[in-house]
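Shown next, in structure tokens, is the structure this report addresses.
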Amino acid sequence: MTPQQHKEAAAALWQAEQTGTQIGLLSLQYPGMTMDDAYAVQSALVEARREAGREVIGWKIGLTSKAMQQALNIDIPDSGVLMDDMLFDNGGEVPKGRFIQPRVEAEIAFVMKAPLAGAEVTRDDVIAATDYVVPSLEILDTRILRADPDSGKTRIITDTISDNAANAGLVLGHDRHAIDAFDLRWVGAVVSRDGAVEETGLGAGVLNDPIEGIVWLARRMDQYGQKIEAGQVILSGSFIRPVEAPSGCRVEADFGPFGQVSVRFG
């Protein structure tokens, strides 16, 4: 893809978000699209958001579980950018019509107190740079069709990366914990929709340890001249399958002693 094509694809995604109308698969429109192309489209989309007055507040890591990787036939995670207008209050409501096809995942969020960068970032570096960890929900949405109506071809990794790794929103719990207060591999959640349990999972589902997700992110960002900044929020990756969130529902994640977090959809 050319730089102009990156901008065109990003403009189509931005338009889809504004109108609530999904576009076709970019992987079909640009059959030679690489992961580098996809991240270039994502960067152009983030720039469009910046031009609209929005600010970066952090990063998300996606496709960290084996099940999700196998579904897209890849063996690595992906990442996206969190913007200030994506943050919703714990227990708050997402306005009706804000998203196209929202789904929700449960994750452990890291809030950083120091920058983190470089191809050699280690687990100890992540621990030292983390201010605290909190229970969180990630709201997913897709500005790209999940499948092409004519061929039946489904989205692949270049589609999801371009679409900001399907990120749309986040909700942070009120409970803040030191990174060593819990063994994050064993921090789990029971996720319910309208009081009915939909999914359960453990932090170990994220690359065997959510901290390793942050290591991966910092190293990947180094390839693109990026870094994690102090004060940013990092969603370390979901350890459940996405829960559909139709209008009128309430989704809650009970992390036990780690805390609770919920959101309603108008």
Side-chain angles (χ1 to χ4, degrees), residues 26-27 33-43 45-46 56-83 86 103-112 116-123 125-127 129-130 133 136-142 144 146 154-170 184-185 187-189 199 201-228 232-243:
L26 293 177
S27 56
M33 190 178 198
T34 66
M35 288 181 65
D36 284 346
D37 285 323
Y39 278 115
V41 173
Q42 183 187 113
S43 293
L45 178 58
V46 170
V56 174
I57 61 169
W59 303 81
K60 68 149 286 185
I61 307 165
L63 303 176
T64 51
S65 72
K66 290 294 184 183
M68 294 301 291
Q69 289 181 7
Q70 290 168 1
L72 288 177
N73 194 31
I74 63 165
D75 59 2
I76 60 172
D78 67 358
S79 66
V81 183
L82 306 178
M83 313 293 286
M86 297 177 178
R103 295 179 293 165
V104 177
E105 295 178 334
E107 312 191 16
I108 296 170
F110 290 62
V111 178
M112 313 309 292
L116 192 64
E120 305 299 325
V121 164
T122 66
R123 174 188 176 87
D125 293 331
V126 173
I127 292 171
T130 300
V133 291
S136 71
L137 295 174
E138 179 182 2
I139 302 171
L140 305 176
D141 198 16
T142 174
I144 297 176
R146 296 186 188 182
T154 58
R155 290 175 302 167
I156 61 175
I157 186 66
T158 50
D159 294 299
T160 57
I161 290 173
S162 298
D163 195 18
N164 199 28
N167 177 256
L170 69 154
L184 298 182
R185 297 180 68 250
V187 171
E199 290 288 336
L202 289 174
V206 178
L207 302 177
N208 195 38
D209 186 340
I211 294 174
E212 292 299 328
I214 314 301
V215 171
W216 174 87
L217 177 64
R219 292 178 177 180
R220 186 209 67 75
M221 290 173 66
D222 182 71
Q223 299 174 27
Y224 298 95
Q226 302 167 326
K227 69 175 182 177
I228 297 169
Q232 289 188 334
V233 178
I234 313 297
L235 297 180
S236 62
S238 178
F239 48 76
I240 66 163
R241 292 178 298 181
V243 174

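Checked by atom type and distance alone, the side chain of K60 pairs as donor or acceptor with a backbone atom of A165 at under 3.5 Å. Checked by atom type and distance alone, the side chain of R185 pairs as donor or acceptor with a backbone atom of N208 at under 3.5 Å. Not a single donor-acceptor pair under 3.5 Å links the side chain of T160 to the backbone N or O of A166. Using a distance-only test at 3.5 Å, with no hydrogens or angles considered, no donor-acceptor pair links the side chain of Y224 to the main chain of A40.
Under the salt bridge (charged side-chain N to carboxylate O under 4.0 Å, His left out) criterion, D163 pairs with R143, not counting sequence neighbours. By the side-chain contact (heavy atoms from CB on, under 4.5 Å) test, A38 is found to be paired with M33, T158, I161, S162, residues two or more places apart in sequence or in another chain being considered. For the side-chain contact (heavy atoms from CB on, under 4.5 Å) test, residues two or more places apart in sequence or in another chain that qualify with V81 are Q42, V46, V56, W59, M83, N164. In terms of the side-chain hydrogen bond (donor to acceptor under 3.5 Å, both in side chains) criterion, residue partners of T122 (sequence neighbours excluded) are, by chain and number, D125. Every residue two or more places apart in sequence or in another chain was checked for a salt bridge (charged side-chain N to carboxylate O under 4.0 Å, His left out) with R219, and none qualifies. By the salt bridge (charged side-chain N to carboxylate O under 4.0 Å, His left out) test, D36 pairs with no residue at all, sequence neighbours left out.
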- Message: One pair to check against side chain to side chain contact (heavy atoms under 4.5 Å, CB included): V104 and E138. What are the steps and the verdict?
- Response: CA-CA 6 Å; V104 177; E138 179 182 2; over 6 Å; no
Step by step, would you call F239 with I108 a side chain to side chain contact (heavy atoms under 4.5 Å, CB included)? CA-CA 9 Å; F239 48 76; I108 296 170; 4.2 Å; yes
### Task
List the steps, then state whether side chain to side chain contact (heavy atoms under 4.5 Å, CB included) holds for T142 with R155.
CA-CA 10 Å; T142 174; R155 290 175 302 167; 3.1 Å; yes
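Taking all atoms of both residues into account, the shortest heavy-atom contact from L207 to G213 is CD1-CA, 3.7 Å. For the pair G237 and V206, the tightest heavy-atom approach, listed with the atom from each and the gap, is O-CG2, 3.2 Å. Of all non-hydrogen atoms in A129 and L116, the two that sit nearest each other are CB-CD1, 4.1 Å.
In this structure, the separation between OG on S136 and CD1 on I234 is 11.5 Å, given to the nearest 0.5 Å. Between the CD1 atom in I139 and the CZ atom in R103 there is a gap of 12.5 Å [rounded to 0.5 Å]. Summarising the geometry, atom CG belonging to L217 is positioned 4.5 Å from atom CD1 belonging to I228; distances are rounded to the nearest 0.5 Å. Atom CG of D78 sits about 6.0 Å away from atom CH2 of W216, to the nearest 0.5 Å. Going from atom CZ of R220 over to atom CD1 of I61 covers 9.5 Å, rounded to the nearest 0.5 Å. Distance CE/M221 to NZ/K227: 9.5 Å, rounded to 0.5 Å.
No side-chain heavy atom of V243 sits under 4.5 Å from any side-chain heavy atom of E105.
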